[in-house]
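Contents: one structure, followed by commentary.
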Amino acid sequence: MPSSTITELLRSSALKLQESDSPRLDVEILLARTLGCDRAAIYTRGAETLPDGIRGQFDQHLQQRLGGEPVAYITGEREFWSLALKVNNGILIPRPDTECLVAAALAHIPVRESLRIADLGTGSGAIALAIASERPRCHIVATDIDAATLATAEHNRDRHDLDNVELIASDWFTNLGGYVFHVIISNPPYIPDADPHLDQGDVRFEPRLALAGGADGLDMIRTIIDGAPDHLCPGGYLFLEHGFDQGDTVKALLRQRGFSSIECFDDLAGHHRGTGAQWQP
Ligand code: GLN
């Protein structure tokens, strides 16, 4: 392997990764990870040559990425709402679009109030931890059906000292008997089972359990909308992420269940990616 500088390696590796949506960013993250520095430092250290051991490790990571593996699974980490979160291939990789769900919910959670909040199907803990970091007076219950996933969420909670987050193993509301919240938030699985996207790109490496939501993708969304009123204070809110083309159906389901003030919000691409609604019995 001829030695090359960090700058040369960055350019040649990004050229190889043309199948990725973000070749340069991918290489920056993998280089930063192997060097143990942040991404900006790659540019200040551009003239350096990588020591052999580190070069070997980088080449291995690049091969994994060339095989399609998501960067977050290679590094074992993903940033969400400026929080570095541990992830693995049993856990959905937190998406920037889900930060729009967090922002929509935060707009209904006044900073000074001590509200009870639930994040159902928390995965890495992304939504719960983002809300907990912004609203230290609130108590957040984060649930997941999978014990190993919940252990990772716990690791992420402890890493960021967010002790206002309580973790509970639960299949949606099954273990939440007696819990009542001011706000319930969820990014549930919502992709239709037969959607070809499940077998493409980075998504094919992620757990189906976190992605596929039945024939029309809405099975879990129906379960949550159905169960939420039993766990919401009067005037409480439900916020759901859903597919860009599911907004009208989700609105109709919320209306049928008796929710009011139903409003869609957009993702970063301007698609209706989520809906919020109020429970005013
Ligand atoms: N937004 C994700 C995707 O399209 C899906 C996440 C989910 O199902 N909750 O890959």
Side-chain angles (χ1 to χ4, degrees), residues 19-22 25-26 65 68-74 78-81 85 87-105 118-131 142-146 149-150 152-153 156 170-173 184-225 227-228 238-251 253-254 264-277:
E19 289 200 9
S20 164
D21 291 338
S22 51
L25 176 64
D26 293 359
R65 185 62 186 134
E69 220 174 300
V71 172
Y73 290 157
I74 301 171
R78 176 69 175 229
E79 195 167 293
F80 181 85
W81 204 268
L85 301 177
V87 293
N88 58 52
N89 63 6
I91 294 179
L92 185 85
I93 300 168
R95 317 279 205 258
D97 285 327
T98 301
E99 294 180 344
C100 301
L101 176 69
V102 170
D119 169 22
L120 305 180
T122 195
S124 62
I127 295 171
L129 299 175
I131 302 270
T143 71
D144 206 279
I145 192 174
D146 183 66
T149 298
L150 217 51
T152 303
N156 287 328
S170 184
D171 180 8
W172 309 119
F173 293 108
I184 296 175
I185 311 167
S186 184
N187 173 22
Y190 54 71
I191 301 179
D193 287 349
D195 190 318
H197 288 107
L198 290 168
D199 299 314
Q200 294 168 5
D202 286 16
V203 178
R204 71 187 194 274
F205 289 85
E206 294 184 281
R208 290 231 162 188
L209 181 72
L211 290 162
D216 64 356
L218 293 163
D219 284 3
M220 286 73 183
I221 287 185
R222 280 193 203 89
T223 300
I224 295 169
I225 291 176
L238 172 62
F239 291 93
L240 293 170
E241 183 172 315
H242 52 66
F244 73 95
D245 53 357
Q246 293 171 333
D248 288 343
T249 315
V250 171
K251 271 184 172 177
L253 290 168
L254 287 161
C264 281
F265 55 88
D266 289 351
D267 63 16
L268 299 169
H271 298 123
H272 285 336
R273 178 62 60 181
T275 301

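Remember, it's 1-based here, ligands and their atoms both numbered in the order they're listed. Since the structure is predicted, the reported quantities are computational estimates derived from the model, not experimental observations. As a basis for the values below, the full set of heavy atoms in this structure was taken, side chains included, without hydrogen atoms, waters or symmetry mates.
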Check: Are any non-hydrogen side-chain atoms of D216 and P192 less than 4.5 angstrom apart?
Finding: no

Notebook entry, point to check: CZ/R273 to OH/Y190 distance, rounded to the nearest 0.5 angstrom?
Noted result: 4.0 Å

Check: Excluding sequence neighbours, so at least two apart, what forms salt bridge (Lys or Arg N to Asp or Glu O under 4.0 Å) with E99?
Finding: none

Check: Between H271 and D266, do the side chains contain an N or O donor and an N or O acceptor separated by less than 3.5 Å?
Finding: no

Checklist line | Proximal protein residues to ligand 1, non-hydrogen atoms under 4.0 angstrom | finding: R95, N187, P188, P189, Y190, I191, V203, A210, L211, E241

Check: Can any side-chain N or O of S124 pair as donor or acceptor with the backbone N or O of V87 at less than 3.5 Å?
Finding: no

Item checked: Distance in Å, F80 CZ paired with R95 CZ, rounded so as to fall on 0.5 Å steps -> 11.0 Å

